[in-house]
Amino acid sequence: MKTIAIVSTAGGTGRTTLTAALAVLLARRGRQVVALDFDPQNMLGAQLGIDGLAATGVSQALLDAQTAWHGYTWRNADGVLFVPYGAVSAAQSAQCDARLGAAPRWLADALAELDLPRDGVVLIDTARYPSQQAEHALRCADLALCVTPPEPAACATLIARLAALRGACAHLRIVVNRLNPARDMQRDVLAMLGAALDDNLPLAQRVHVDAAMPESFARGTWLFDDAPHSQASHDLQGLANWLDAWLTEAAAPLDRPDGAS
Ligand SMILES: Nc1ncnc2c1ncn2[C@@H]1O[C@H](COP(=O)(O)OP(=O)(O)OP(=O)(O)O)[C@@H](O)[C@H]1O
Ligand SMILES: [Mg+2]
């Protein structure tokens with residue numbers, strides 16, 4: 001089982017959208033997928049098919065040590081097993097954060113209870129970095145997807161946090177979301193971001209802007225079903241293919257020096 005954290009240093013970058021879309025696309029490629037909402041915004045469940053916001057979820061287990069987090073699991077139409085964060089008040093949210101701050105292994109221990117096969121995957125939607133939720137997810141992650149729009153403020157916050165993010169997770173990939181190549185400003189911002197990266201951290205993945213993306217969400221459908229030939233659908237499929245290949249490679253047994261595997 002591999003764990004992938006979806007993080008960002010700005011709000012509204014597309015973390016939840018990408019987590020839900022990738023969970024479904026990986027499930028359609030035959031993988032067992034668990035999607036965990038680790039953001040008090042509590043929006044992942046709505047993306048994955050719950051009508052409205054889930055009242056309960058992983059936050060209940062944070063608030064009450066006697067409660068098991070997997071008691072709040074749902075399964076969507078594509079077979080994705082998911083756990084919402086649950087609705088929390090400001091005071092409860094602070095309590096959850098305090099619990100996570102006091103127990104740095106809380107999420108690692110929770111994920112260790114999962115019984116997923118070697119090639120299964122957990123995708124974690126996180127609260128904006130820095131946050132207790134994002135730090136826990138990064139600590140557990142075999143791979144972190146760092147989502148940013150090609151906008152000046154978002155990229156400036158990402159560059160400022162890049163060293164900390166790389167320290168928190170050895171395998172980091174930047175995903176540029178809502179790309180609009182017609183805008184010169186975005187090209188300049190991407191050049192600025194590219195200059196802050198190096199060979200070990202290329203700007204590997206891009207997802208184009210598509211006004212139909214929020215419309216599909218509002219209809220309860222997927223852009224890649226509604227408009228499979230659109231650029232953004234193509235990008236999402238490409239990102240899912242890349243992740244699928246990464247997961248296959250990561251699950252492969254290491255070659256032993258004697259040639260056996
Ligand atoms: N490639 C895209 N093209 C057009 N709209 C997009 C794209 N990706 C995401 N969006 C839209 O951007 C908005 C924000 O996306 P989303 O909620 O996934 O971001 P987030 O990073 O999870 O935000 P938050 O910080 O609030 O948790 C949504 O309306 C979503 O439909
Ligand atoms: Mg979100």
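For ligands, and for the atoms within them, numbers begin at 1 and follow the listed sequence. Just so it is clear, the values below take in all heavy atoms, side chains as well, and ignore hydrogens, waters and symmetry mates.
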Tell me which one of Gln47, Arg15, Gln41 gets a heavy atom nearest to atom 26 (O) of ligand 1. Gln41
Under 3.5 Å: donor-acceptor pair, side chain of Thr126, backbone of Ile6: yes
Assigning hydrophobic clusters by single linkage (Ile, Leu, Val, Met, Phe, Trp, Tyr; side-chain heavy-atom cutoff under 4.5 Å), is Val122 placed with Trp69? yes
Compute the shortest N/O to N/O distance between Ser8 and ligand 1 and return yes if it is under 3.5 Å, no if not. no
The one among Ala218, Pro40, Gly12 that brings a heavy atom closest to atom 23 (O) of ligand 1: Gly12
Thr16 N/O/S atom closer than 2.8 Å to the Mg ion (ligand 2): yes
Heavy-atom pairs closer than 4.0 Å: do any link ligand 1 to the side chain of His208, the backbone, both, or neither? backbone
Give the residue and atom name of whichever protein heavy atom lies nearest to atom 19 (O) of ligand 1, and the separation in Å to one decimal. Gly14 N, 2.9 Å
Donor-acceptor check, side chain of Asp226 to backbone of Ser216, threshold 3.5 angstrom: yes or no? no
Does Asp115 form a side chain to side chain contact (heavy atoms under 4.5 Å, CB included) with Met1? I'd like the steps, not just the answer. CA-CA 9 Å; Asp115 186 23; Met1 170 187 114; over 6 Å; no
Going by the atom numbers of ligand 1, which of them fall below 4.0 Å from some non-hydrogen atom of Thr13? 19 (O), 20 (P), 21 (O)
May I ask you to check whether Met213 has an N/O atom sitting below 3.5 Å from an N/O atom of ligand 1? no
Who's the nearest protein heavy-atom neighbour of atom 4 (C) of ligand 1, and how far? Asp210 O, 3.0 Å
Provide, to 0.1 Å, the distance between atom 8 (N) of ligand 1 and the closest protein heavy atom, together with that atom's residue and name. Asn177 ND2, 2.9 Å
Write out the residue and atom name of the closest protein heavy atom to atom 13 (C) of ligand 1, then the distance separating them to 0.1 Å. Arg178 NH1, 4.0 Å
Taking the basic N atoms (NZ, or NE/NH1/NH2) and the acidic carboxylate oxygens, is any pair closer than 4.0 Å for Glu151 and Arg183? yes
Can you find a side-chain donor-acceptor pair between Gln231 and Asp235 that sits under 3.5 Å? yes
Location of contacts on Asp39 toward ligand 1, heavy atoms closer than 4.0 Å: side chain
For atom 22 (O) of ligand 1, grab the closest protein heavy atom and report residue, atom and distance to one decimal in Å. Thr16 OG1, 2.8 Å
Quick check against the 3.5 Å criterion: does Asp78 have a side-chain atom that pairs as donor or acceptor with the backbone of Leu25? no
Residue and atom name of the nearest protein heavy atom (relative to atom 5 (N) of ligand 1), distance in Å to one decimal: Pro214 CD, 3.6 Å
How far is atom 18 (O) of ligand 1 from the closest protein heavy atom, and which atom is that? Thr17 OG1, 2.5 Å
Could you check whether Arg29 and Asn241, counting side-chain N and O atoms only, form a donor-acceptor pair closer than 3.5 Å? yes
Atoms in ligand 1 with a heavy atom of Gly11 nearer than 4.0 Å: 25 (O)
Taking Arg31 for the side chain and Leu26 for the main chain, is one N or O donor matched with an acceptor at less than 3.5 Å? no
Distance in Å, Glu135 CD paired with Ser131 OG, rounded so as to fall on 0.5 Å steps: 7.0 Å
